[in-house]
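Below is one structure, written out as structure tokens; comments come after it.
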Amino acid sequence: NWKSNKGAIAVSHIQRDLENRDILWLATNDGIYIFNTKKQEYLRRFNCADQKDSSRSDAIISKIDVTTGGIWFVGNNRGVGYYNIKKGQYTIYPFTKNQFTNTKDISLAFLQRKDADEYYIGSKNHCPAIFNIQTHQYTVNSRTHQKLPALNISQFIADSSGNMWCVIW
């Protein structure tokens with residue numbers, strides 16, 4: 001954690017840049033930051049590509065996946081987003097609330113690459129789904145095998161066969 005002019009910044013996920021070993025990408029409660037390990041400097045270049053699509057909750061990022069030229073991310077109540085590294089701009093591909101459930105709070109917390117075109121995504125209180133990065137479509141077809149009073153997922157991973165494993169409590 002560190003402080004900025006917006007208050008305390010909390011880091012939720014870190015990944016190394018694919019092209020520059022001195023750069024770390026940080027998912028935070030204030031967007032995506034660049035950390036230069038040589039200079040020991042933080043830089044925030046996280047702007048919405050279309051301001052009418054922007055939301056204050058866009059900045060709350062929980063997981064990132066650094067790819068060549070960009071970063072796929074999940075965050076608070078909006079869906080999957082893509083951050084263009086060269087432009088310093090992001091685009092959100094929103095989901096509709098009824099795709100997951102009819103509750104209004106869906107904070108995505110899990111992101112794992114399935115294959116070249118798809119990611120597994122999930123929240124702490126809903127069954128996982130799949131997001132296609134080419135079509136920007138969400139597929140929600142997972143379910144629990146047992147009736148549970150509520151879901152509270154603390155860990156999520158998918159194996160090479162496509163089985164999704166979660167720690168539910």
Side-chain angles (χ1 to χ4, degrees), residues 1-101 103-126 128-140 156 158:
N1 290 354
W2 74 93
K3 289 194 178 202
S4 76
N5 59 354
K6 295 183 180 186
I9 304 298
V11 177
S12 58
H13 193 216
I14 301 172
Q15 276 199 324
R16 185 171 298 282
D17 189 86
L18 297 178
E19 297 172 7
N20 184 340
R21 294 180 51 91
D22 297 331
I23 299 294
L24 297 176
W25 293 98
L26 312 175
T28 77
N29 62 332
D30 187 35
I32 295 175
Y33 278 76
I34 301 164
F35 178 66
N36 186 312
T37 59
K38 269 193 175 170
K39 297 179 183 177
Q40 296 291 297
E41 293 177 340
Y42 297 95
L43 175 65
R44 184 184 190 272
R45 287 182 49 225
F46 191 70
N47 302 297
C48 189
D50 188 346
Q51 285 302 316
K52 71 179 171 49
D53 292 337
S54 182
S55 165
R56 288 182 59 152
S57 67
D58 288 352
I60 303 171
I61 308 299
S62 55
K63 284 284 190 196
I64 58 176
D65 184 39
V66 178
T67 61
T68 303
I71 300 171
W72 287 97
F73 64 90
V74 295
N76 197 32
N77 291 321
R78 295 291 304 277
V80 175
Y82 180 76
Y83 174 74
N84 183 308
I85 293 172
K86 288 192 189 304
K87 293 181 181 179
Q89 295 181 329
Y90 67 90
T91 303
I92 298 285
Y93 301 101
F95 55 78
T96 59
K97 301 290 185 211
N98 62 6
Q99 284 177 302
F100 283 89
T101 181
T103 62
K104 73 177 196 179
D105 185 28
I106 304 171
S107 296
L108 295 176
F110 306 107
L111 176 74
Q112 181 184 337
R113 186 172 283 282
K114 177 183 177 200
D115 55 37
D117 293 332
E118 293 180 318
Y119 280 95
Y120 294 112
I121 61 169
S123 76
K124 293 187 180 206
N125 54 0
H126 299 91
I130 294 172
F131 176 75
N132 186 296
I133 64 174
Q134 301 300 323
T135 64
H136 307 140
Q137 298 295 307
Y138 294 86
T139 305
V140 182
F156 167 86

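Sequence positions, counted from 1, serve as the residue numbers for this chain. All figures in this text were calculated on a predicted structure; none of them were measured in a lab.
- One finds the OG1 atom of T28 at 11.0 Å from the CD1 atom of I14 (value rounded to the nearest 0.5 Å).
- Residues that satisfy the side chain to side chain contact (heavy atoms under 4.5 Å, CB included) test with N132, not counting sequence neighbours, are D117, E118, Q134, T135.
- Rounded to the nearest 0.5 angstrom, Q15 CD and I32 CD1 are separated by 10.0 Å.
- A donor-acceptor contact shorter than 3.5 Å links the side chain of R44 to the backbone of D30.
- For K39, there are no salt bridge (charged side-chain N to carboxylate O under 4.0 Å, His left out) partners two or more places apart in sequence or in a different chain.
- The backbone N or O of Y93 lies less than 3.5 Å from a partner atom in the side chain of Y138, making a donor-acceptor pair.
- Sequence neighbours left out, not one pair with a member in residues 79-93 passes salt bridge (charged side-chain N to carboxylate O under 4.0 Å, His left out).
- Between I121 atom CD1 and I130 atom CD1 the span is 9.0 Å, to the nearest 0.5 Å.
- Considering only heavy atoms from C-beta on, I92 comes within 4.5 Å of F73 through its side chain.
- Summarising the geometry, atom CD1 belonging to I34 is positioned 4.5 Å from atom CG belonging to L43; distances are rounded to the nearest 0.5 Å.
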Could you please spell out the steps behind the side-chain contact (heavy atoms from CB on, under 4.5 Å) verdict for L26 and Y42?
CA-CA 9 Å; L26 312 175; Y42 297 95; 3.7 Å; yes

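- The CD atom of E19 sits 6.0 Å away from atom OG1 of T68, with the distance rounded to the nearest 0.5 Å.
- In terms of modelled atom types and a separation under 3.5 Å, the side chain of H13 and the main chain of I64 share a donor-acceptor contact.
- Contact detail for S12 and S62: the closest heavy-atom pair is OG-O, 3.2 Å.
- Note that CD1 of I133 and OG1 of T67 are 7.5 Å apart. Values are rounded to the nearest 0.5 Å.
- With sequence neighbours excluded, the residues that form a salt bridge (charged side-chain N to carboxylate O under 4.0 Å, His left out) with R113 are D65.
- Under the side chain to side chain donor-acceptor pair (under 3.5 Å) criterion, D17 pairs with W25, not counting sequence neighbours.
- The heavy-atom pair separating W72 from V80 by the smallest distance is CE3-CG1, 3.7 Å.
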Check step by step if side-chain contact (heavy atoms from CB on, under 4.5 Å) holds for Q137 and F131.
CA-CA 6 Å; Q137 298 295 307; F131 176 75; over 6 Å; no

Start with the C-alpha distance between I61 and V74, add both sets of side-chain angles, then the distance that settles side-chain contact (heavy atoms from CB on, under 4.5 Å), and finish with yes or no.
CA-CA 6 Å; I61 308 299; V74 295; over 6 Å; no

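- For K38, the side chain to side chain contact (heavy atoms under 4.5 Å, CB included) partners two or more places apart in sequence, or in a different chain, are D22, N36.
- Side-chain atoms of T91 do not come within 3.5 Å of backbone N or O of Y82 as any donor-acceptor pair.
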